[in-house]
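Along the sequence shown, the residues carry numbers beginning at 1.
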Amino acid sequence: MARRGGRATSWFNGETHPRNITASAVWLCLCVFFYSAAEAGLYTASDQIVLLTPENVESVLFNSTAAIVVEFYASWCGHCVAFSPVYKSLARDIKEWKPAVDLAAIDCAAEANRKVCIDFGISGYPTLKFFHAYSKADSTGQLIKGFPRDVRGLRHKIVDKLGTHEEPWPPACPPLEPTSQAEIDNFFETNSVHHLALIFEDHNSYIGQEVILDLLQFENITVRRILSTEEGLVTKLRVTEFPSCHLYYRDGNSIRVKVTNEARTFYSFALQRLPGVVRSGKRPLDTTGPITDNTEEPWRPFNKSRVYMADLESTLHYSLRVELAAQTIINGEALIYLKKYISVLTKYFPGRPIVMNLLQSVNSWLQNQTGNEVSYKAFKEILDNSAQAPNNALPEGVRWVGCQGSQPHFRRYPCGVWTLFHVLTVQAKNSGSSDPQEVLSAMRGYVHSFFGCRPCAEHFENMAQESMVEVNTLSSAVLWLWSRHNRVNNRLAGDLSEDPNFPKIQWPSPEMCSACHAVKNNGEHRWNHEQILSFLLSYFSSNSILTDYLEDESQILAKQMEKHATQQLALEAKKRVERKARETLPSPSQPTVPEQEEEEEEEGPQDETVTDEEEEGAEGAVIAAAAADEMEGKSSEPTPWAKPEMEVDRGQRQANRKPSIVGMRMRDLQEDIVDLDSFVNEHYKAKALRVAASSRVKQRTLQRKEEQEAGPVFGLGMELDTGLRMVGLKPMESDFEQVVGQQRKKRDLTGQYFGKDAEFSHRGRWMSLLSVGFSKVDISLCVILYFLSTMCLLAMYLFFKKHLRIRRAKFALP
């Protein structure tokens, strides 16, 4: 098929496979539904392919220390779309070759890249070109004609190009030509490596050259290829099979490397695991003793072939209590993904009863949320079992075992996430889930919305968009997650995040599952998917999970109860502090005392204290101490001081209000004793604040007894006599500001109302006067007592008057 557009022509040579047709159809669908992704090209940074642009093309291709293979393609080209999975697989396959050769690609369909493609003479798609190391600026590369459409064929093409590379040679690339016996005999005189690996093969074999490039990034080992025609060396080492791999040492002894299959992949894996062999830039592994870490936690010995429940519970803790906590409000798409995630955990997590009970409670609460958002605070209350439901708990903290790392930043949570979702896919398979993508879609949503490593989330999303649509059975879901995990391992191998004690390999290794590895007729490695599926179903089965290092359930529940009790005490203490703060500190936006109804009082103004600067001398210290004692004794109750509104336009409100007067403490309905000392202390401080903040004020002051002057319009004062506790009328001071800072020898409470609006009716004034600090029942009793007293006095008066007249009459008789 050929499609002409402008001056570009697309061609495709070679056999068309059903697998390529399927991949092509998938990619065409993605191009239709995700047009923006199509505009960005067929490759992403996750594919380990250098994406060329007009800005970086010269720096990548010219004067580079490595050779570069470039694909020039058009994103609208069907054959380019079909070839892209092969090119991606090639990038993963030769990842270890990067110091010597790398892969790049450029989308010529993008308007910005059009000129670059024209400058390199591109007239059809897809086109592959090979750029030598240290290429000149005017180089247009060597055209790779009739390149194969499979990874093995492309790999051999690249090896051929490297074998015929002109000078200067890529500095990181070792010699690929066959080695003679003389070179081997003198090798250790000029080299200090621990191991010399010799690949014996036929002249038309590529295994030796490929293994040399596979070990390119590893130290303390050198690989050389020996042809079967090198009879002297073949005889000396007693080589009888080709291909075969032998280790040659300084003393002239040799050992054959035992592998499951005599193929490139098995040789490379075995040589990379030799003692002392380490990736460049990584510290050597300590194989003489047990593995230890450099963290504060003790190292926990574990079986590498088993899964630990401690890792799964640690993953749940970090996922639900740390990662989700980054979002204060969870809404929209994220809320949908969270519901799916919790639902999958509830269905398939093989946890202990207390953990499963908690997950069910969280799932039930979450599914009942009908709104568009939930707060993490509310979610965490359910997660922490604040309602104290019996036998509900998720252990707090992490306790890594199989996911331990040699450093705090190695493995741990990412390892736990992969392990968790492998377990969930296997559990879904074993339980017969009706939706093959149920677990995968939940994982995809969680990673997309909550996983903290955003580049990781982007890479996973790229993999999901690429091929997750092909998952149509529960078995394929298990295998899809396994293959993508291996793809990530391949991409991160040698990265700074790789733990040297746990290198990222294609898992499972031949040692762990030899039946999982097989070889094609052409010698290429292949995975036996049937054996892989059987291995995964056994490895991640709930029956195979170890419970070592788990905290006892009774201890978890006891810690949970203790935590809740501590939180309750802290909450109560916080409430007391806040209440005390409200009572102590006035609100700057409220110049007058706020009116509110609390408990038995209709008016209970708070925040009626003054600062320490307004309390002077020893008398002020006494007042402050008295106020503090009062607040500590009644911190849970509103401040019981009140003052009536004096404005005429508020007269109607006074009828519905308990009467009060300046400086008087409202009487507690449950007590019959008025604490006048506390009242005076509290009243004085509140009065000082009102004077400073109010434009229409009621002046109050404490002043020396001898400084008081007569002449108030009217006033009611309360003089506290420590012996008699009497209440009486006192004259008022008219100028508060002049005496507020003076020393006070005796406390007097006075008040004066002034202003045009501060007028009382005669009756209202006396009613307020009579009702000071007393309830209606008290006033009624007083009136009755006064009336009875009057009657008694009148009766006594009439009695004595009558008897006096009788006596006078007797004295007047002769």
**OP:** Examine R273 relative to F269 and say whether NZ or CZ is less than 6.0 Å from the centre of the six-membered ring and inside a 45° cone about the ring axis.
**Re:** yes
**OP:** Can you establish whether the number of heavy atoms outside Q367 located under 6.0 Å from its atom CD is more than 12?
**Re:** yes
Subject >> N372 atom CG, neighbour heavy-atom count above 12 within 6.0 Å >> reply: no
Subject >> Aromatic plane relationship, H525 with H517 - under 30° parallel, 30 to 60° tilted, over 60° perpendicular >> reply: tilted
Original post:
For K340, does the NZ atom have more than 12 heavy-atom neighbours from other residues, nucleotides or ligands under 6.0 Å away?
Top reply: no
Subject >> Check: Y43 ring centre within less than 6.0 Å of Y73 ring centre >> reply: yes
Original post:
Yes or no on side-chain hydrogen bond (donor to acceptor under 3.5 Å, both in side chains) for T265 and S268, after CA distance, side-chain angles and deciding distance?
Top reply: CA-CA 5 Å; T265 302; S268 298; over 6 Å; no
Original post:
Between R152, K88, R264, R487, which is the residue that forms a salt bridge (Lys or Arg N to Asp or Glu O under 4.0 Å) with D93?
Top reply: R264
**OP:** Compare all side-chain heavy atoms of Q437 with those of M443 and state whether any distance is below 4.5 angstrom.
**Re:** no
**OP:** If the plane angle is over 60° it's perpendicular, under 30° parallel, otherwise tilted; pick one for F130 and H132.
**Re:** perpendicular
Subject >> Contacts of type ring-ring contact (aromatic ring centres under 6.0 Å, His included), residue W418, not counting sequence neighbours >> reply: H485
Original post:
Is the closest side-chain heavy-atom distance between S59 and N56 below 4.5 Å?
Top reply: yes
Original post:
Do L271 and V277 come close enough that some side-chain heavy atom pair is under 4.5 Å?
Top reply: no
**OP:** Show your working on side-chain hydrogen bond (donor to acceptor under 3.5 Å, both in side chains) between Y413 and E323 and close with a plain yes or no.
**Re:** CA-CA 11 Å; Y413 179 61; E323 293 248 274; 3.1 Å; yes
Subject >> Gap separating the SG atom of C403 from the CG atom of L312, nearest 0.5 angstrom >> reply: 8.0 Å
Original post:
At what distance, to the nearest 0.5 angstrom, does CD1 of I329 lie from CD of E373?
Top reply: 5.0 Å
Original post:
With no hydrogens and no angle check, is any side-chain donor or acceptor of N522 less than 3.5 Å from a backbone partner on E524?
Top reply: yes
Subject >> From CA spacing to verdict: salt bridge (Lys or Arg N to Asp or Glu O under 4.0 Å), E96, R279 >> reply: CA-CA 10 Å; E96 301 293 352; R279 186 179 293 274; 3.0 Å; yes
**OP:** Would you please test S280 and Q217 for side-chain hydrogen bond (donor to acceptor under 3.5 Å, both in side chains) and show each step?
**Re:** CA-CA 6 Å; S280 299; Q217 299 189 50; over 6 Å; no
Subject >> F147 six-ring face occupied by R149 cation (under 6.0 Å, within 45°) >> reply: yes
Original post:
Is the W169-Y134 ring centre distance short of 6.0 angstrom?
Top reply: no
Subject >> Result of checking W482, W527, F535 against W507 for ring-ring contact (aromatic ring centres under 6.0 Å, His included) >> reply: F535
**OP:** Return yes when atom CG of N204 has more than 12 non-hydrogen atoms of other residues, nucleotides or ligands closer than 6.0 Å, and no otherwise.
**Re:** yes
**OP:** Establish, for the pair R411 and F502, whether the NZ or CZ atom is under 6.0 angstrom from the six-membered ring centre and no further than 45 degrees off its axis.
**Re:** yes
**OP:** Decide side-chain hydrogen bond (donor to acceptor under 3.5 Å, both in side chains) for W97 and D102; before the verdict, give the C-alpha distance in whole Å, the side-chain angles of both, and the deciding distance to 0.1 Å.
**Re:** CA-CA 7 Å; W97 302 10; D102 205 353; over 6 Å; no
Original post:
Are Y341 and Y446 close enough that their ring centers fall under 6.0 Å?
Top reply: yes
